[in-house]
Student: 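Below: one structure in structure tokens.
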Amino acid sequence: MTTEVLFKFAKKNINLSPEAYYLINNLDDPLDFSSSLIVKLKSQEFSKEDLISLRVDIVEDFIKTLGLAIPNQNNDSDGSIHKSQKTLNNNEKFNFNTNKPNTNLNTNLNTGLNTKFNNKSKANNQNINNLNNNKFETKKTDFKNFKLKSSLINSESQLSDSKSDFDHIDSAEANSNDITFNTKNNVEKNRFSPSECKRNLDPCNIDYNYKVIQDTTKKSYTNGEIGNLITYFKNRYSKLSNILSKRPELKAYQKISDLEEKATDLSLIVMVKEIRSTKNGHKIIVFDDDTGEISVLFHKDNHELFRESEKLVKDEVVGILAEKKGDLAIANQIIQPGVPRIAKKSMNFSAAFTSDIHIGSLTFLEDAFIRFTKWLNGDYGTEEQKSIGEDVKYLIVGGDIVDGIGVYPNQDKELAIKDISEQYEEAARLLGDIRSDVKIIISPGNHDASRVAEPQPAIPEKYAKSLYDLNNVEFVSNPAIISLDGWNTLIYHGRGFDDIAITVKGFSHERNDLIMEELLNKRHLAPIYGERTPLASELEDHLVIDNVPDIFHTGHVHINTYKNYKGIHMINSGTFQTQTEFQKVHNILPTCAEVPILHRGVYKKLNFI
């Protein structure tokens with residue numbers, strides 16, 4: 001443990017005084033404390049390159065900020081060897097305790113936080129326990145004779161086999177298991193080079209039944225003109241009206257311009273144009289199609305229908321059954337495109353899902369991610385858990401594999417790696433250690449080196465050459481639909497969640513499973529045009545859910561959820577980054593390093609914190 005703390009600070013150009021060093025090592029969890037303190041120091045007044053001399057009073061102030069007790073440093077006054085000076089046994093094995101149930105699924109992380117979820121305000125770098133905004137005064141020192149020898153850093157990998165605790169949990173959730181890894185080991189971080197990839201530069205002879213069903217990477221035909229926007233909405237209406245017209249109630253639907261003056265029963269397929277409330281609390285919604293528009297009243301006393309109308313958003317396409325009384329149309333029913341129930345299928349393989357890894361950020365949870373890759377390789381866990389990892393055939397990465405550059409103002413202050421290509425090189429180094437028979441599918445997110453507007457093409461090779469060099473990595477667009485041995489999987493990063501969570505009453509980022517269910521029923525991944533989610537006015541609307549998936553995988557909101565909806569596995573894979581400023585302001589707690597697995601059709605969740 002002692003050398004791990006030393007290396008952790010040394011790699012960040014922080015020189016520990018002996019008193020500060022001993023004080024940190026006397027804490028119950030010195031590594032987690034060190035991570036929080038490093039982020040606090042390096043993300044405010046000091047950059048990554050600044051050399052800092054860390055005094056004991058600064059450490060004491062930070063301990064008090066966390067509400068921890070200051071350890072007694074006088075226990076070794078008799079001249080005995082201090083516990084932080086004891087030699088670590090390099091041959092020490094991981095100690096897995098599988099008999100101790102862990103009932104605390106929401107493990108508190110004492111690791112710093114940094115990035116913006118909505119890309120609009122500056123991160124404040126506080127930890128998940130909502131640390132106070134205390135300033136830590138340290139002096140920038142000119143260390144003329146200070147050199148961090150590479151041999152010292154490289155020796156860290158030989159000392160990383162420290163003791164770990166592992167807790168196995170059987171969740172009360174139906175058809176699922178939560179597995180929690182609690183460890184204290186730290187692993188060396190190097191830049192990528194082909195020789196460092198131990199596994200997946202080698203070809204694999206496994207026959208994958210992998211197909212790309214939908215990918216928009218080279219299908220961008222828009223030039224931004226108003227004519228493209230009109231074509232875009234006409235295409236959306238055409239796609240969704242084809243789905244809706246198969247509903248029995250809408251087989252004989254009418255166009256607005258064809259409505260007879262004396263018509264009383266209306267059956268329409270329309271797009272929401274405008275939503276407003278009356279002074280009496282009713283709701284009037286203006287709908288249109290490609291022939292005209294009509295206003296429909298939703299009466300507040302029709303409670304169930306009124307509640308359904310509150311979920312309607314601009315630009316979505318729905319069916320409306322209404323009764324016309326004079327010049328007024330009064331709604332009787334809203335019909336969403338919806339999804340049919342999917343027949344149960346057998347799965348003879350396993351797939352792991354992750355997203356929002358944010359490699360390159362100061363608050364990327366590298367240690368947890370390396371534990372995850374070790375588990376995939378069968379090098380971590382009990383025999384039962386290793387067998388699950390060894391059964392994983394596909395790893396799906398749903399966007400934000402790196403933290404990116406210039407995604408929001410002053411992001412550079414919160415980056416450990418400030419070059420986009422180097423971030424992807426680091427991603428290649430980490431993913432390059434995964435065994436070669438795991439096919440890795442990567443889709444971009446809003447932090448990746450792809451265009452901002454959705455649909456996003458696959459990450460370009462010129463930025464991620466190191467990842468493209470790996471033999472088992474495939475790149476697809478956002479969104480994309482792929483077939484994993486016959487299991488159709490819809491991958492969508494999830495930026496469209498922002499508009500739904502803010503616009504629709506009762507929805508929130510925390511319950512993104514409800515948003516996923518609603519998007520499936522709307523059959524569109526980002527129906528609201530012109531709000532927070534940038535959408536490209538393509539000649540075709542690629543965000544319409546044409547094909548009903550077996551698996552719907554999302555990310556973006558940094559909160560892990562799972563729900564089986566009509567036979568569809570809806571999975572949000574959380575994050576490998578600590579709490580963002582947006583989430584702190586809105587009191588949202590991310591689920592860090594919780595990796596969902598479909599193990600032969602059964603949902604399981606592994607916690608690597």
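In this chain, residues are counted from 1 in sequence order.
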Student: Please check if any side-chain donor atom of D448 sits under 3.5 Å from a side-chain acceptor atom of Y424, or the reverse.
Tutor: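 Judged by distance alone, the side chains do pair up.
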Student: Using a 4.5 Å cut-off on heavy atoms from C-beta on, say whether the side chain of F298 contacts that of I330.
Tutor: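 In short, these two side chains do not touch, never coming nearer than 4.5 Å.
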Student: Out of E316, M271, K314, E518, which residue meets the side-chain contact (heavy atoms from CB on, under 4.5 Å) rule with P527?
Tutor: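 Checked E316, M271, K314, E518 against P527; only one passes side-chain contact (heavy atoms from CB on, under 4.5 Å): E316.
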Student: Would you give the length of the straight line joining atom CD1 of I551 to atom CD1 of I481, rounded to the nearest 0.5 angstrom?
Tutor: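 The distance works out to 12.5 Å.
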Student: Can a donor-acceptor pair be found, under 3.5 Å and without considering hydrogens, that links the side chain of N512 to the backbone of H509?
Tutor: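 Answer holds: yes.
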Student: Distance from L250 atom CG to I320 atom CD1, nearest 0.5 Å?
Tutor: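 The CG atom of L250 sits 9.0 Å away from the CD1 atom of I320.
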Student: For P337 versus K522, what's the shortest heavy-atom pair and its separation?
Tutor: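 Minimum heavy-atom separation between P337 and K522: CG-O, 3.8 Å.
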Student: When you look at I597 and F353, which way does the side chain to side chain contact (heavy atoms under 4.5 Å, CB included) test go after all the steps?
Tutor: CA-CA 6 Å; I597 312 291; F353 301 85; over 6 Å; no
Student: Indicate yes or no: does K563 engage D513 in a salt bridge with an N to O separation below 4.0 Å.
Tutor: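 Here K563 does not pair with D513 in a salt bridge, since their nearest N and O are not under 4.0 Å apart.
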Student: Less than 6.0 Å separating the ring centroids of F608 and F372?
Tutor: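 They qualify: ring centres under 6.0 Å apart.
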Student: Relative to Y208, does K439 satisfy both conditions: NZ or CZ under 6.0 angstrom from the six-membered ring centre, and within 45 degrees of the ring's axis?
Tutor: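 The answer is yes; both the distance and angle limits are met.
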Student: Rounded to the nearest 0.5 Å, what's the gap from CG on L430 to OG1 on T373? Could you check?
Tutor: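 It comes to 7.0 Å.
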Student: Please tell me whether Y565 and N521 have a donor and an acceptor in their side chains that are separated by less than 3.5 angstrom.
Tutor: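 N521 and Y565 do have a side-chain donor-acceptor pair below 3.5 Å.
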Student: Looking at the rings of Y603 and Y562, which for Trp means the six-membered one, are their centres under 6.0 Å apart?
Tutor: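 Yes, the ring of Y603 comes within the 6.0 Å limit of the ring of Y562, centre to centre.
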Student: Does any pair with a residue in residues 309-347 pass ring-ring contact (aromatic ring centres under 6.0 Å, His included), and if so which ones, sequence neighbours excluded?
Tutor: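 The answer is none; no pair qualifies.
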Student: Could you tell me whether K345 atom NZ has more than 12 heavy atoms of other residues or ligands within 6.0 Å of it?
Tutor: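 Above 12, so yes.
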Student: Would D215 and T217 count as having a side-chain donor-acceptor pair, cut-off 3.5 Å?
Tutor: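 A pair is found: one side chain offers a donor N or O, the other an acceptor, under 3.5 Å apart.
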Student: Is D265 paired with K324 through a side-chain N to carboxylate O contact shorter than 4.0 Å?
Tutor: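 No, this pair does not count.
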Student: Could you point out which residue of K219, R236, R451 forms a salt bridge (charged side-chain N to carboxylate O under 4.0 Å, His left out) with E538?
Tutor: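 Exactly one option meets the salt bridge (charged side-chain N to carboxylate O under 4.0 Å, His left out) with E538, and it is R451.
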Student: If you measure only the distance, is there a donor-acceptor pair under 3.5 Å linking the side chains of T554 and N572?
Tutor: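 Their side chains do contain a donor-acceptor pair, which is all the 3.5 Å distance test asks for.
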Student: What's the separation between atom CG in L598 and atom OG1 in T489, rounded to the nearest 0.5 Å?
Tutor: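 So the CG of L598 and the OG1 of T489 are separated by 8.5 Å.
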Student: If we ignore angles and hydrogens, is there a donor and acceptor under 3.5 Å between the side chains of S361 and Q577?
Tutor: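 Short answer, yes.
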Student: Look up atom CG in L365 and atom SG in C592, then write down how far apart they are to the nearest 0.5 Å.
Tutor: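 Nearest 0.5 Å value for the CG-SG distance: 5.5 Å.
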Student: Roughly how far, to the nearest 0.5 Å, is the CZ atom of R435 from the CG atom of L376?
Tutor: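 So the CG of L376 and the CZ of R435 are separated by 6.5 Å.
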Student: Where do Y492 and F552 land on the ring pair (Phe, Tyr, Trp, His ring centres under 6.0 Å) test, with the steps shown first?
Tutor: CA-CA 8 Å; Y492 176 55; F552 183 19; 7.2 Å; no
Student: What's the verdict on salt bridge (charged side-chain N to carboxylate O under 4.0 Å, His left out) for R495 and E454, showing C-alpha distance, side-chain angles and the deciding distance?
Tutor: CA-CA 9 Å; R495 199 168 183 187; E454 296 178 353; 6.0 Å; no
Student: If we count only N and O atoms by modelled type, under 3.5 Å, do the side chains of H556 and D356 hold a donor and an acceptor together?
Tutor: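 Their side chains do not contain a donor-acceptor pair, so the 3.5 Å distance test is not met.
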Student: Can you find a side-chain donor-acceptor pair between H553 and S573 that sits under 3.5 Å?
Tutor: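 Per modelled atom types, H553 and S573 side chains form a pair under 3.5 Å.
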Student: Ignoring hydrogens and geometry beyond distance, is a side-chain donor-acceptor pair present between T533 and D499 at under 3.5 Å?
Tutor: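 Side-chain D/A pair, T533 to D499: present.
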Student: What do you reckon, is NZ of K255 surrounded by more than 12 foreign heavy atoms closer than 6.0 Å?
Tutor: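 It does: K255 NZ has more than 12 such atoms within range.
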Student: Before accepting this row, confirm whether a basic side-chain N of the pair D391/R600 lies closer than 4.0 Å to the acidic partner's carboxylate O.
Tutor: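 Here D391 pairs with R600 in a salt bridge, since their nearest N and O are under 4.0 Å apart.
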Student: Assess, by modelled atom type and distance only, whether the side chains of S350 and H599 contain a donor and an acceptor separated by less than 3.5 Å.
Tutor: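 Judged by distance alone, the side chains do pair up.
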Student: Taking CG in D301 as the centre, count heavy atoms belonging to other residues, nucleotides or ligands within less than 6.0 Å. Is the count above 12?
Tutor: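 More than 12 within 6.0 Å, yes.
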Student: For residues I434 and N472, report the shortest heavy-atom separation together with the two atoms involved.
Tutor: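 So the minimum-distance heavy-atom pair works out to O-ND2, 4.5 Å.
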Student: Heavy atoms only: give me the nearest S466-A428 pair and the separation to one decimal.
Tutor: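 That closest heavy-atom pairing would be CB-CB, 3.5 Å.
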Student: Would you confirm whether the ring centroid of F507 sits within less than 6.0 angstrom of the ring centroid of F497?
Tutor: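 Centroid distance F497-F507: not below 6.0 Å, so no.
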Student: Judged by modelled atom types alone, do H569 and D550 share a side-chain donor-acceptor pair under 3.5 Å?
Tutor: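 Checked: H569/D550 side chains show no N/O donor-acceptor pair below 3.5 Å.
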Student: Ignoring hydrogens and geometry beyond distance, is a side-chain donor-acceptor pair present between T291 and D289 at under 3.5 Å?
Tutor: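 Side chains of T291 and D289: pair found under 3.5 Å.
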Student: Go through E260 and Q254 one step at a time and tell me if the side chain to side chain contact (heavy atoms under 4.5 Å, CB included) criterion holds.
Tutor: CA-CA 10 Å; E260 297 180 1; Q254 306 145 300; over 6 Å; no
Student: Under 4.0 Å between a Lys/Arg side-chain N and an Asp/Glu carboxylate O for D541 and K239?
Tutor: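 No.
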Student: Got a sec: does the OH of Y463 have more than 12 other heavy atoms crowding it under 6.0 Å?
Tutor: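 At most 12 heavy atoms, drawn from other residues, nucleotides or ligands, come within 6.0 Å of this atom.
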Student: Does NZ in K211 sit with more than 12 non-hydrogen atoms of other residues, nucleotides or ligands closer than 6.0 Å?
Tutor: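 Atom NZ in K211 is not packed in, count stays at 12 or less.
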Student: Is it true that N478 and Q456 share a donor-acceptor pair across their side chains at a distance under 3.5 Å?
Tutor: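 Short answer, yes.
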Student: For a ring pair (Phe, Tyr, Trp, His ring centres under 6.0 Å) check, start with the C-alpha distance between F364 and F576, then their side-chain angles and the critical distance, and finish with the verdict.
Tutor: CA-CA 6 Å; F364 161 51; F576 271 93; 7.1 Å; no
